[in-house]
Amino acid sequence: VLGGQDLLPADAASSPAASVPKPFSGRVLVVEDNLINQEVAVNLLAELGLETDVAGNGIEAIELVERTPYAVVLMDCQMPEMDGYEATAEIRKREKGRKRTPIVAMTAHALAGDRERCLAAGMDDYISKPIRLEALQRVFRTWMAAPAAQPEAAEEPKAPEEPALRVDMDRLRRVSRDDDGVRRMVGIFLEESRGRFVELQEAVAAKDAGRAGRAAHTLGGASGNLGFLSLAAGMRELEERCRRGDLTGADERVARLVSELERLKEFLKGQIQEGAGGQS
Amino acid sequence: VTTHEVGKLLVVDDDGVSRAVLQNLLEMQGHSVEVARDGTEGLARARQEKFDLILLDLLMPGMDGHEVVETLKADPDLRGVSVVMISSVEDMKEVVKCVKLGADDYIFKPFDEVLLKTRVDSCLERRRLRERAMEK
């Protein structure tokens, strides 16, 4: 009676399919408020052969996840109205007892504490922005291979590829006295750095090393005073080059520092919200 | 209980972060602190009321720290005020010039809290001893 089984191929269902490289398949939800970032993500996912839906905010994301079983959700953390942390918490609450949808955070900053924050909010993994094809491939290999079987404690997300934003929060708190002080201090810093960054960009464009060096000097000093270590280091390096009259690649350096400032802003926003949340 | 001298201090710096950080750190140490955003404003404040100590940034647009020290030390009414220069490590030569002109001490950016406290305390202490000696 059992003889017929010999004619069947090896049991396909129980073979370790995950170890066999195969193209990705499935539908991915991208939750992102920025239109350019949306397009970048959709294009990258298309390259990987994936179908994509887009949600512009957390509320939309919750609705879409209720309707469609997504292979993976890529979730921006900082969004107006409802951010990625809140949206994830809500999705986790609603899917209780059902299959857990893998949610991968897309964060603009790359700090050690960030990973914990994403995981604490119920996300499974994270990648840093700007998102890259390799990072997506890694994430899909992890989360599409055996999506249903992933336990709560997933494999350690890899270290982000970008040079890490380094911030000495202790220093910022010490020189600011208290949470209100931190908010005020960050406000002063952002207010003042706006004009100085413009000054820096103009000076570099005008090939005025002296002026660029002075702007970098002030920005570096302020950053250092508040514990913004990586920004301070970048400014010091630029200042040093300006002192030597060397402006080669300065515009690129300034562009990198501008995006460093953006990452810092996002990070501080999160920290300040966290501080405010802790008090209420 | 404060075991150190507290004084009335003036911070002169064009960088808002620097002003705010110094004000916080020094107020936490018990001093009363006022701020000015450039050399001209700093001198005007110093003429309005008597400060025990001025923390003076070296590099400022307009009237820089060097000029401010020069003006302070040339004025019989202002000569007595203690001055601590604020600068970065790279500007050591300029700081030395200011010390020669009569500045009492210096502190580097980014500020180290321990060094800041030590420098300010010792300046105020010296000043107190000097005043006591003059009274006698």
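Everything quoted here is computed from the prediction, not taken from an experiment. Below, chain A is the first sequence line, B the second, and so on; all start at residue 1.
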Are there more than 12 heavy atoms of other residues, nucleotides or ligands under 6.0 Å from atom [atom1] of [X]?
{"X": "A/E39", "atom1": "CD", "answer": "no"}
{"X": "B/R132", "atom1": "CZ", "answer": "no"}
{"X": "B/L129", "atom1": "CG", "answer": "yes"}
{"X": "A/E252", "atom1": "CD", "answer": "no"}
{"X": "B/R37", "atom1": "CZ", "answer": "no"}
{"X": "B/F108", "atom1": "CZ", "answer": "yes"}
{"X": "B/K8", "atom1": "NZ", "answer": "yes"}

task: For B/M28 and A/R174, work out which heavy atoms get closest and say how close.
output: CE-O, 3.2 Å
- prompt: Looking at CG of B/D15 and NE2 of A/H217, how far apart are the two atoms once the value is rounded to the nearest 0.5 Å?
  reply: 9.0 Å
query: Under a 4.5 Å heavy-atom cut-off, does chain A meet the side chain of B/D57, its backbone, both or neither?
result: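 It is neither, since no heavy atom gets under 4.5 Å.
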query: Side chain, backbone, both or neither: which part of B/L22 has a non-hydrogen atom closer than 4.5 Å to chain A?
result: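 Neither part.
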message: Are the side chains of B/N24 and A/V175 in contact, using a 4.5 Å heavy-atom criterion?
response: no
Expected output: side-chain A/N225 to main-chain B/K109 donor-acceptor under 3.5 Å: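 Not at all, since once roles are kept as given, no pair shorter than 3.5 Å links the two residues.
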Contacts of residues 184-204 of chain A with chain B (heavy atom under 4.5 Å):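 Checking residues 184-204 of chain A against chain B gives A/R184, A/M185, A/I188, A/F189, A/E192, A/R196.
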